[in-house]
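Position 1 is the first residue of the sequence, and the numbers go up from there. FYI, side chains are in, hydrogens and waters are out, and symmetry mates aren't considered; it's all heavy atoms of this structure.
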Amino acid sequence: MRWWDIEPVLELERELFPHDAWSPALFWSELARARGPHATRRYLLAEDGAGRVVGYGGLAAAGGTGDVQTIAAARDHWGTGLGARLLTALLAAATDFDCHEVLLEVRVDNDRARRLYERFGFETVGLRRGYYQPGNVDALVMRRPAGPAPGGDRDLAPGPAPDTATEHQGTTTHG
C-alpha cells in the first residue's frame, strides 16, 4: 500500500467499520513507517482485475513481536479466501521482521474474523474491555508463534485466480 491508495482504502474502511474507521492521518502515520531501512510496518493492498481496492492489511513489528494492525476484505469478496491470503502475507512479513510471535485484537462479536484467526493457529490470551470505541465493544487478544500458517497453503480457502486479486507490498526488503 502506498499513499495514493489511502483514499480508496478509506472508502472500504468506512463501509466495513462505520463506527470505528481509521482516520486518514492514522494511515499516513502507519505508511510513513513502512519504507526505508528502519521500516517497522508492512501494509498490503488487494485489488480486483478492474483495479478496485477489495482488501488491505497491515502489520507492525517491534521487539520481536508482530501485531496485525488491520485486515479487511470487501463484502463481495467474503468467502473467496482473500482474508486468508492477506493474513498469510502478513505472517510472512512477521517472519521477515524476525518476529517470534504475532498478536492481534478482534471484536468479540466478529465471529467470521475470529474463526479465520483460529484456523491460522491464533489462540485467545486475553480480553480488552471497551477496546473498540465509540461502541464500547470488547476485543479478544489473540496470539500465535510467528512463521508459516499451520499446514501451509492447504489452510487457504479457494479464491479468485491470481490475476483478479493482486497484493502490493508497501515496503522494501529487510535485512
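Here side-chain hydrogen bond (donor to acceptor under 3.5 Å, both in side chains) pairs that include residues 120-130, with residues two or more places apart or in two chains, are Glu105-Arg128, Arg129-Asp138.
Residues Asp5 and Arg2 are not paired through a salt bridge, judged by the lack of any N-O separation under 4.0 Å between the basic side chain and the carboxylate. With salt bridges taken as basic N to acidic carboxylate O contacts below 4.0 Å, one links Arg14 and Glu7.
Rounded to the nearest 0.5 Å, atoms CZ (Arg114) and CG (Asp109) are 10.5 Å apart. In this structure, CG on Leu90 lies 11.0 Å from CG on Asp67, to the nearest 0.5 angstrom. Of the inter-residue distances, the one linking Leu31 atom CG with Leu26 atom CG reads 9.5 Å to the nearest 0.5 angstrom. Atoms CG and OG1, from Leu59 and Thr40 in turn, are 9.5 Å apart once rounded to the nearest 0.5 Å.
There is no path of hydrophobic side-chain contacts, each under 4.5 Å, that joins Phe97 to Leu103. Each of Val141 and Val106 belongs to its own hydrophobic cluster when Ile, Leu, Val, Met, Phe, Trp and Tyr are linked at side-chain heavy-atom distances under 4.5 angstrom. Val125 and Leu140 fall into different hydrophobic clusters, where Ile, Leu, Val, Met, Phe, Trp and Tyr side chains are chained together by heavy-atom contacts under 4.5 Å.
No donor-acceptor pair closer than 3.5 Å links the side chain of Ser29 to the backbone N or O of Ala25. A donor-acceptor distance shorter than 3.5 angstrom exists from the side chain of Arg85 to the backbone of Gly81, with no hydrogens or angles considered. Formation of a donor-acceptor pair under 3.5 Å by the Glu101 side chain with backbone atoms of Arg144 is not found in this model.
In this structure, Ala60 and Gln69 approach most closely via the heavy-atom pair CB-NE2, 3.7 Å. Considering every non-hydrogen atom in both Phe17 and Ile71, the closest pair reads CZ-O, 4.1 Å. Closest approach of Trp78 to Ala73, counting heavy atoms only: NE1-O, 2.9 Å. When every heavy atom of Leu86 is checked against every heavy atom of Gly57, the shortest pair comes out as CD2-N, 4.5 Å. The heavy-atom pair separating Leu12 from Val53 by the smallest distance is CD2-O, 4.1 Å. Scanning both residues, Met142 and Phe122, for their nearest heavy atoms gives CE-O, 3.7 Å.
Open room surrounds CH2 on Trp3; 12 or fewer heavy atoms of other groups in view lie less than 6.0 Å from it.
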Problem set entry | Verdict with reasoning, Met1 to Leu44, per side-chain contact (heavy atoms from CB on, under 4.5 Å) | CA-CA 5 Å; Met1 183 187 308; Leu44 308 171; over 6 Å; no
Problem set entry | Step-by-step side-chain contact (heavy atoms from CB on, under 4.5 Å) determination, Tyr131 to Asn136 | CA-CA 6 Å; Tyr131 182 77; Asn136 202 37; over 6 Å; no
For this session: Test side-chain contact (heavy atoms from CB on, under 4.5 Å) on His38 and Arg33 and set out the steps.
Result: CA-CA 8 Å; His38 303 292; Arg33 298 180 199 151; over 6 Å; no
For this session: Given side-chain contact (heavy atoms from CB on, under 4.5 Å), test Val102 with Leu91 step by step and report yes or no.
Result: CA-CA 8 Å; Val102 179; Leu91 293 174; 4.0 Å; yes
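Relative ring orientation between Tyr56 and Phe27 is described as perpendicular, the plane-to-plane angle rising above 60° on a 0-90° scale split at 30° and 60°.
Legend: residues meeting side chain to side chain contact (heavy atoms under 4.5 Å, CB included) with Arg52, ordered by chain and number and at least two apart, are Asp48, Val54, Ala74, Asp76, His77.
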